[in-house]
Amino acid sequence: MAEVRLSQIEKFYGAVKVIHGIDAVFEDGEFVALVGPSGCGKSTLLRMIAGLEEITVGDIYIGEKLVNDLAPKARDIAMVFQNYALYPHMTVADNMGFSLKLSGEPKQNRDRRVNEVAEILGLQDLLGRYPRQLSGGQRQRVAMGRAIVRDPQVFLFDEPLSNLDAKLRISMRGEIKQLHQRLKTTTIFVTHDQIEAMTMADRIVVMNDGRVEQVGTPIELFDRPKNLFVAEFIGSPSMNLLSGKIEKSASKNVFRTAGGESLPVMQSLSAGDEVVYGVRPEHLTLSRTGVEAEVIIVEPTGSETQVVFALGTEKIVGLFRERVTAQPGDLLKILPDPDQIHLFDRATGDRL
Amino acid sequence: MSRQRSAKALMARHQYIFFIAPAIFLVLGFTAYPALYGVTISFTNMHFAYPDFRFVGLENYWRFISWSDLPKVGFNTVFFVACVVALQLSLGLLIALLLNKALFGRRLMRSVAILPWIIPAIIIALMFQQLFNGSRLGIMNALLANFGFDTRSWLSNPNEAMAVMILAVVWRGVPLSIILQLGGLQTIARELYEAAAIDGATRWQTLRFITLPNLKPILLINLIMITSGTLNHIDIPLALTGGGPGNSTEVLALSLFKQGFQSLDAAYASTIATIILILNLLLTIAYLRVLRRKDEKDD
């Protein structure tokens, strides 16, 4: 196991700069998720750590070793690819033992190690099969097995769950997390799915357009997003973001939406500030003291109800634990929890 | 009414037959029928100079087996086919591997590499005749002379004539191997190479454990195509050496041509053709058996 350190990493494809000076430290034994929308550079960054992509500027250290110029095999890492990249002409056992075979490990040791890992992953009965004879979930497990067999310092996962159906994805999520708790190997996990990142990672690196927007634990990112991008990206359903102004009303600061509705704020801001007001759907309550909003859509899921409201000219989503029996067109009063409000500078997008 | 409807339904269900029937008739009429007719002729004494012919059983086959030149022609054929197969397949692979790399000028090189394939075989034979002309006018001899070496009578020397013939056939065939194998190489997922790089494979190990096994189906098709193509190949041997000097470069296909179109012995030519057909089938079956044995076990 080892720490991974990125120092001022930049990547150019020709004249196009896709990674803009990233600094990050992934602690020894930590599970870190790199998350961001498609094209934000997260896979490129992972591939640079793996040695599959050249680093244009900056340094990458794995442990104490500078690995910029080391071939992938010399970096002591293992990678699980999005489409698993299992060798189609090899059995599960051969796929898993391939790296050991290449390193000249005697067959007896190889078989023992493959069997040990197969047992961890429940693959014992599949060792003689070929990848084409396996289901998606089994292939995924074999790909992980191939990585584990090598006992590397760092595991790199490149969107490994995106080819699985929703149900399997959830169960594999749990399996990977459990595996990490068991092996305690430093793991860097790339995903575009913020729920995956939130549920699995110790820390999350949110990326956008080749830059790191925020690094933190899932709860930190959820509770205190550093800017509008993180606020919108983390959390499902997304945070409601309303543009407006801070106004003084009866010696109290309130937020006035563009449509004229006023919502409570607790911060001591100067009146007149142009801000973006953020409130998560789960932090809205139905209250007699709230502001009136028209129900547009009601989506009950059983455990909770999601309601889309029209608040003046803006749409706002609420997520309620209680059963909401309202119909589209009804007027309900909603109140944001004043302690759970996020305010962002409208010009810079930064948290206030 | 209902009968009419069921006839209509039947037509609808089987209408694909109308689309494939022309192709089936063409294949049957122009490939299967002549091939089978050729086999039946081999059991007769048909000769293009005589109008009548009769059934003679296996007489032509006995004649073939007891043919005094058979050992020589048989050896020539095996040697010719084996050399062409080995060289064309391996050169094709080598060049395809190079062209598959992101090298400068790769597109131009791909186009250039394909050129020999579009030149008619007869022209290639004549080109090689000029290249390896025994006089000082031959380009190879001119080169040798320029560098101070003795000139050679390439096509008058049995071994050198065979070598030149193999070279000409390989030169013409390599582009097809390149196209096929390059296509095969491009279907191998990049991630497999990346996974192998992370697993610690050297270049040689990557070729051996990743590229070749994944290219195997294409190599097998190419192998069968080269083998049967070379076994049947007639234009270059005929136009380049004509089987000479003596019969040192005579291969079975050339014997077939000589019997059928010079001696006009249709029955004997058909016998040789049938034997070539059987050889083709046997070799194809053998290749499939050997190379697909493992896959069959897998499924």
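Computed from heavy atoms alone, side chains included, the values below leave out hydrogens, waters and symmetry copies.
Note on M79(A), R47(A), R146(A): by heavy-atom pairs under 4.5 Å with chain B, the leading option is R47(A).
For A143(A), no part sits under 4.5 Å from any heavy atom of chain B, backbone or side chain. In this structure, chain A has heavy atoms under 4.5 Å from both the backbone and the side chain of A197(B). Residue contact with chain B, scored on non-hydrogen atoms closer than 4.5 Å, is absent for L100(A). For Y193(B), no part sits under 4.5 Å from any heavy atom of chain A, backbone or side chain. For a residue to count as touching a neighbouring chain, one of its non-hydrogen atoms must lie under 4.5 Å from one of that chain's; by this rule F81(A) touches chain B with the side chain only. Neither the backbone nor the side chain of D76(A) comes within less than 4.5 Å of any heavy atom of chain B. For Q205(B), the part lying under 4.5 angstrom from a heavy atom of chain A is the side chain only.
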### Query
Hey, mind stepping through D199(B) and R150(A) against side-chain contact (heavy atoms from CB on, under 4.5 Å) and telling me if it holds?
CA-CA 8 Å; D199(B) 275 341; R150(A) 306 187 52 204; 3.6 Å; yes
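Across every non-hydrogen atom of M90(A) and I210(B), the tightest pair is CE-CD1, 4.5 Å. Nearest heavy atoms, I198(B) versus A50(A): CD1-CB, 4.3 Å.
Residue-environment remark: CE (M127(B)) exceeds the threshold of 12 foreign heavy atoms within 6.0 Å. Annotation: F79(B), atom CZ; neighbour count of heavy atoms from other residues, nucleotides and ligands within 6.0 Å does not exceed 12. Applying the 6.0 Å contact sphere to CD of Q186(B) captures more than 12 heavy atoms from other residues, nucleotides or ligands.
Atoms NZ and OG1, on K73(A) and T202(B) in that order, are 6.0 Å from each other to the nearest 0.5 Å. To the nearest 0.5 Å, atoms CG (N83(A)) and CG (L192(B)) are separated by 8.0 Å.
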Donor-acceptor pairs are to be reported for all side-chain atoms of residues 25-32 of chain B against protein atoms at under 3.5 Å, with residues two or more places apart or in another chain.
none

